[in-house]
Protein chains: 2
Amino acid sequence: MTSIKKIAEIAGVSRGTVDRALNNRDGVNEDVANRIRSIAKDLGYKTNRAGLALAARKHPLKIGAIFPSEGNPYFEDVILGMRAAESEYADFGVSISLKTTKGFSTSSQLKMIDTLVDEGVQAIILSPVNDLAIARRIKDLLSVGIPVITANTDLEKSDRLCYVGTDYFKSGKMAGGLMGLIAAGRKKRIVILTGSIHVLGHNQSISGFYSVIKSEYPNLSVVDVEETQDNSDISYELAKSLLTSKDCPDAIYMTAGAVYGACRAIEEAGMAGKIILLTHDYTGESKVFLEKRVITASIPQDPFQQGYLPVKLLYDYSLDKEKPKNDRVYTNSYITIPESL
Amino acid sequence: MTSIKKIAEIAGVSRGTVDRALNNRDGVNEDVANRIRSIAKDLGYKTNRAGLALAARKHPLKIGAIFPSEGNPYFEDVILGMRAAESEYADFGVSISLKTTKGFSTSSQLKMIDTLVDEGVQAIILSPVNDLAIARRIKDLLSVGIPVITANTDLEKSDRLCYVGTDYFKSGKMAGGLMGLIAAGRKKRIVILTGSIHVLGHNQSISGFYSVIKSEYPNLSVVDVEETQDNSDISYELAKSLLTSKDCPDAIYMTAGAVYGACRAIEEAGMAGKIILLTHDYTGESKVFLEKRVITASIPQDPFQQGYLPVKLLYDYSLDKEKPKNDRVYTNSYITIPESL
DNA sequence: CTGAAAGCGCTTACAG
DNA sequence: CTGAAAGCGCTTACAG
């Protein structure tokens, strides 16, 4: 284990100078700096995180977070993950200021960003509204040294450090593959209940789903796509009318929320276990319906990691100022059946 | 953030005394110690890991590991996980000495343990042979202050700190549940190819599988159980004779290794995609067969975590000497289909 | 451009 | 039983 101290001895300079050279701080003679760097390389020097963390206590890292979590149970686990990361990194000086909103509103997100900046946060985690005004604000934040990571939802034409969240196309593909397995070669008529055709992630899931059934499962056909607006009253009515119509589908694929309404309609129609229901939901209610086999299977996102990883990435970034290797950090989605519980 | 320094000031004692009191070291006046502890409690003191880690550099933690990994690709990811943990904890003074064996042999495991003890390791990670001699050795190790964690395979009547590995019963249940979904109500005759009826994990998977199909899927019946000894020549012959017999099963469930042999037999018989094949394997070969849809789905273990977690748990134990809360730390198993790749 | 020194939070020989 | 001091590896004002 080589330390800065050892390098300083070998190079015949002070530890301060080694620190400056290795961290590319300015005010070091270029020749000296190069010599130090080459010694460090030869000795395989790696900076010790414990020492670094201790020294960093003098300028703690304050992170701001904004989630549309009010009334949205999905974000409970996101916040849990974020708090877990906060307490894991608390020893390294990390703390988090969380602001919540009810639903997505550009103006309230902009306001929350202002508040956080006033509080002096040095980085922000955000589930952004898909709005150019937000994208511009993210750019401005970066230019004053406040990096932003988008979590759960992306905003591509902004200058966010990276995106942390689901690969919606892939999880749609998984849903298609699973539907194909369960159909087992029989003809199946499928209705897709999506959240909104204006939400990118929902559309990507649908694309992934289509791509698989087209190439692998020609026995499956999508007969209808409807929007629930993530509203369980709407999904209830939609499902009810589907189930009571004479061309009742064999399967429903829900890309988004509002799962409760559809489940209730299925139960009332006595169709639990008779109609295939695939979702991406995994809130408390959904677990109950999965257990009761109203939901056949679910392929949930990983909300915990969506809260945890941004904190970790921002902390790492604060140390070395290097952008994460991946522009999009995908959290995993796993097929979940009643026996997985 | 309260530090030892602050507590020392308030209590009017030195930082050394606070350290002794808080860590229950002896040689502290009981009254003084109690006063210090109560102050710490009031202030919500939590020991700072960075400071702790730095001080701990004076007595680094050397961990020994023994895996039967030679010629067993499964353990590649276990070792990868272990090395990842090693480099993550290197800053805290953790290093690992790995010994590998070919297959399970009591005498060679005992020899490896001796070697590690000679090297001065302070903790051991082991995939134990199911043998009383090993159990006794683990007890002895603990009595001389060397804790052992069993990984991947457990040895219950030993004094291991805890077990890190798969919940085989649960992953068998998941296989049963998935089989039920794919069968979709139709009668299916299933053959189980297990590794060995002498391996606990394999039997637990079978039990889990039975428990689900009995209670949920009466349309499924297990018509035969055969042992492959994890040998692909044997599994090839077994699968071949099953596929060519006139009561060819509809599905094969493999609890263990030797997946390659069965896949080859299925391909040769032109039965890929026609016979359901469920496995728990996820080595490179298996991924190929999953992609080719020879394997219908797999529910692999999480080898990476089986290597990663024991290191983390032993490090934590070295700090506070407290046994992990759970006697068995289960790693997750996830349903994997071609679209998951 | 560089060094000496102090400090982050903890532990531990050493002295008393 | 307790304190003063040194040290783990790093950073950073301060002085020159």
Side-chain angles (χ1 to χ4, degrees), chain A residues 1-37 39-40 43-61 89-95 315 318-321, chain B residues 1-37 39-40 43-61 89-95 315 318-321:
Chain A
M1 285 296 141
T2 29
S3 64
I4 271 191
K5 191 178 166 191
K6 194 183 288 178
I7 295 174
E9 283 165 10
I10 296 176
V13 297
S14 74
R15 295 147 78 195
T17 301
V18 175
D19 173 72
R20 288 172 203 120
L22 259 28
N23 293 292
N24 304 310
R25 306 186 213 285
D26 42 35
V28 190
N29 179 299
E30 204 42 42
D31 293 343
V32 176
N34 282 137
R35 192 156 50 85
I36 291 172
R37 284 194 270 262
I39 292 173
L43 298 180
Y45 173 76
K46 278 202 61 188
T47 132
N48 181 299
R49 311 271 285 194
L52 186 58
L54 217 44
R57 292 305 301 261
K58 290 167 191 164
H59 49 91
L61 177 67
Y89 287 92
D91 291 346
F92 301 162
V94 174
S95 66
Y315 174 70
S318 78
L319 295 184
D320 54 23
K321 297 294 171 204
Chain B
M1 283 296 142
T2 29
S3 64
I4 271 191
K5 192 178 167 190
K6 193 184 288 177
I7 295 174
E9 282 164 12
I10 296 175
V13 297
S14 73
R15 296 147 76 194
T17 302
V18 174
D19 173 73
R20 289 172 202 119
L22 258 30
N23 293 291
N24 304 310
R25 306 186 213 285
D26 42 34
V28 190
N29 180 301
E30 203 43 43
D31 292 343
V32 176
N34 282 137
R35 192 157 49 85
I36 290 171
R37 283 194 271 261
I39 293 173
L43 298 180
Y45 172 76
K46 278 203 61 188
T47 131
N48 180 300
R49 310 271 286 197
L52 187 57
L54 217 44
R57 292 304 301 263
K58 289 167 191 164
H59 50 87
L61 178 66
Y89 286 90
D91 290 346
F92 301 161
V94 174
S95 66
Y315 175 69
S318 79
L319 296 183
D320 55 22
K321 297 295 169 203

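Note: hydrogens, waters and symmetry copies are ignored here, and every other heavy atom, side chains too, is used. Throughout, protein chains are lettered first and strands after them, A, B, ... in sequence-line order, and every chain is numbered starting at 1.
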**OP:** Check the pair Thr47(A) / Leu22(A) against side chain to side chain contact (heavy atoms under 4.5 Å, CB included), numbers first and verdict last.
**Re:** CA-CA 9 Å; Thr47(A) 132; Leu22(A) 259 28; over 6 Å; no
Subject >> Test log, rule side chain to side chain contact (heavy atoms under 4.5 Å, CB included), inputs Ile4(A) and Tyr45(A) >> reply: CA-CA 8 Å; Ile4(A) 271 191; Tyr45(A) 173 76; 3.5 Å; yes
Original post:
What do the steps show when you test Met1(A) against Asn48(A) for side chain to side chain contact (heavy atoms under 4.5 Å, CB included), and what is the final call?
Top reply: CA-CA 9 Å; Met1(A) 285 296 141; Asn48(A) 181 299; over 6 Å; no
Subject >> Summary of protein contacts for nucleotides 3-10 of chain C, nucleotide by nucleotide, where a base hit scores B, a sugar-phosphate-only hit scores S (4.0 Å, heavy atoms) >> reply: BB--BBBB
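Pairing partner, dA15(D): dT2(C), with both Watson-Crick or wobble hydrogen-bond distances short of 3.5 Å.
For Ser14(A), the side-chain hydrogen bond (donor to acceptor under 3.5 Å, both in side chains) partners are Thr17(A), not counting sequence neighbours.
The two residues Phe92(A) and Arg57(A) come nearest to each other via the heavy atoms C-CD, 4.3 Å.
For Arg35(B) and dC1(D), the CZ to P distance is 15 Å, given to the nearest whole Å. Rounded to an integer number of Å, the gap from CG of Asp26(A) to P of dT2(C) is 12 Å.
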